[in-house]
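What follows is a set of notes on a single structure, which appears directly below.
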Amino acid sequence: MDLENNDLTPFQRSVLELTKKIPSGKVATYKLLAKVLGNEKLSRAVGNALNRNPFPIVVPCHRVIKSDGFIGGFAKGTEAKIKLLIKENVLINKSNKIDLRKYLVDEAILKE
DNA sequence: TGTTTGACAAGCA
DNA sequence: CTGCTTGCCAAAC
């Protein structure tokens with residue numbers, strides 16, 4: 001990938017690489033990404049890495065949400081995040097929540 | 001080099 | 001059940 005030329009920390013690259021694997025129409029949680037990276041407790045650091053996302057275009061960071069189904073945050077604003085998700089056919093409840101049972105990506109996909 | 005922060009999560013009151 | 005507090009980790013200050 002073209003992330004390697006940049007001066008990102010190894011951890012940050014891992015997060016971005018992982019995020020890029022999330023297919024359109026699916027979502028992942030901070031916790032899941034953290035888990036794949038080795039430690040569930042990394043969730044906070046994961047969000048931090050995405051927040052400072054150097055490649056808003058290349059990396060679909062809008063497909064990463066909280067483990068309880070809520071949208072979470074977004075550098076460009078939660079509104080924008082929701083819009084993007086809807087465009088990818090990811091439905092959102094009235095309470096601004098996502099049905100993880102339907103849209104959560106397989107852990108195996110991320111490990112590819 | 002030490003402290004603070006944060007797009008989270010789990011536990012406790 | 002809702003809301004607040006504490007814990008974790010990597011990065012930025």
Side-chain angles (χ1 to χ4, degrees):
Chain A
M1 311 279 187
D2 36 347
L3 296 179
E4 283 139 33
N5 293 334
N6 301 276
D7 15 281
L8 299 172
T9 67
F11 175 76
Q12 206 162 28
R13 282 197 310 218
S14 304
V15 175
L16 298 177
E17 290 283 345
L18 218 50
T19 305
K20 282 168 61 180
K21 292 179 184 173
I22 307 173
S24 177
K26 291 281 184 180
V27 298
T29 67
Y30 299 98
K31 185 180 178 182
L32 181 60
L33 293 184
K35 185 178 182 182
V36 175
L37 287 176
N39 182 355
E40 297 183 14
K41 310 299 182 189
L42 282 176
S43 52
R44 214 169 192 175
V46 171
N48 219 321
L50 289 176
N51 177 29
R52 293 150 179 164
N53 179 11
F55 307 98
I57 321 291
V58 187
V59 182
C61 35
H62 60 276
R63 291 177 193 155
V64 185
I65 63 177
K66 298 183 73 173
S67 60
D68 54 9
F70 281 100
I71 307 302
F74 194 59
K76 284 206 60 184
T78 309
E79 293 297 321
K81 188 169 181 178
I82 294 177
K83 281 186 184 179
L84 289 171
L85 288 171
I86 293 180
K87 281 183 184 175
E88 300 183 347
N89 301 314
V90 177
L91 301 185
I92 297 176
N93 303 359
K94 300 132 193 171
S95 39
N96 278 301
K97 277 182 60 179
I98 289 180
D99 187 357
L100 290 177
R101 294 175 307 174
K102 295 185 59 175
Y103 301 107
L104 187 59
V105 67
D106 265 350
E107 190 176 330
I109 304 271
L110 299 177
K111 291 180 180 173
E112 279 181 359

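Residue numbers start from 1 in every chain, and the chains themselves are labelled A, B, ... in the order their sequence lines are given, proteins ahead of strands.
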Margin query: If I compare all heavy atoms of A/Phe11 with all of A/Ala49, which pair ends up nearest, and what's the gap?
Written below: CE2-CB, 4.3 Å
Notebook entry, point to check: Which heavy-atom pair separates A/Thr78 from A/Gly73 by the least distance, and what is that distance?
Noted result: OG1-CA, 4.4 Å
Without decimals, in angstroms, what is the distance between [X] [atom1] and [N] [atom2]?
| X | N | atom1 | atom2 | value |
| --- | --- | --- | --- | --- |
| A/Leu37 | C/dC8 | CG | P | 19 Å |
| A/Leu32 | B/dA10 | CG | P | 12 Å |
| A/Asn51 | B/dG6 | CG | P | 9 Å |
| A/Leu33 | B/dG6 | CG | C1' | 16 Å |
| A/Ile82 | B/dA7 | CD1 | C1' | 13 Å |

Partner set under side-chain contact (heavy atoms from CB on, under 4.5 Å) for [X], not counting sequence neighbours:
| X | answer |
| --- | --- |
| A/Asn39 | A/Lys41, A/Leu42 |
| A/Leu104 | A/Thr29, A/Leu32, A/Leu100 |
| A/Asn93 | A/Ser95, A/Lys97 |
| A/Asn96 | A/Ile82, A/Ile92 |

Name the pairs: protein N/O against N/O of nucleotides 2-4 of chain C, kept only if under 3.5 Å.
none

So which protein nitrogen or oxygen atoms get under 3.5 Å of nucleotides 11-13 of chain B's nitrogens or oxygens?
none

Next item on the list: Provide the full list of salt bridge (charged side-chain N to carboxylate O under 4.0 Å, His left out) pairs with a residue in residues 62-82 of chain A, sequence neighbours left out, each pair given once.
Entry: A/Arg63-A/Glu88
Check nucleotides 9-13 of chain C against the protein and report each pair of N or O atoms closer than 3.5 Å, with its distance, or say if there are none.
from   : atom 1 : to      : atom 2 : distance (Å)
C/dA11 : OP1    : A/Thr9  : OG1    : 2.1
C/dA11 : O4'    : A/Arg52 : NH1    : 3.4

Next item on the list: Output the residues of residues 59-70 of chain A in contact with DNA chain B, where contact means a heavy atom of the residue under 4.0 Å from an atom of the strand; sort by number or write none.
Entry: A/Cys61, A/Lys66, A/Ser67
Check: Linking I/L/V/M/F/W/Y whenever any side-chain heavy atoms sit under 4.5 Å apart, do A/Leu33 and A/Leu8 land together?
Finding: yes
Next item on the list: Dump the intermediate steps for side-chain hydrogen bond (donor to acceptor under 3.5 Å, both in side chains) on A/Asn48 and A/Arg52, then the final yes or no.
Entry: CA-CA 7 Å; A/Asn48 219 321; A/Arg52 293 150 179 164; 2.6 Å; yes
Checklist line | By salt bridge (charged side-chain N to carboxylate O under 4.0 Å, His left out) - contacts of A/Lys111 (at least two apart) | finding: A/Glu107
Notebook entry, point to check: Can you list the residues that meet the side chain to side chain donor-acceptor pair (under 3.5 Å) rule with A/Asp99, with sequence neighbours excluded?
Noted result: A/Arg101
Item checked: Residue mapping more 5' on DNA chain B - nearest nucleotide basis, A/Gly47 or A/Glu40 -> A/Gly47
Notebook entry, point to check: Which other residues belong to the hydrophobic cluster containing A/Leu84, where Ile, Leu, Val, Met, Phe, Trp and Tyr are joined when side-chain heavy atoms lie under 4.5 Å apart, directly or via other members?
Noted result: A/Phe74
Item checked: Heavy atoms of other groups near A/Lys35 NZ, more than 12 under 6.0 Å -> no
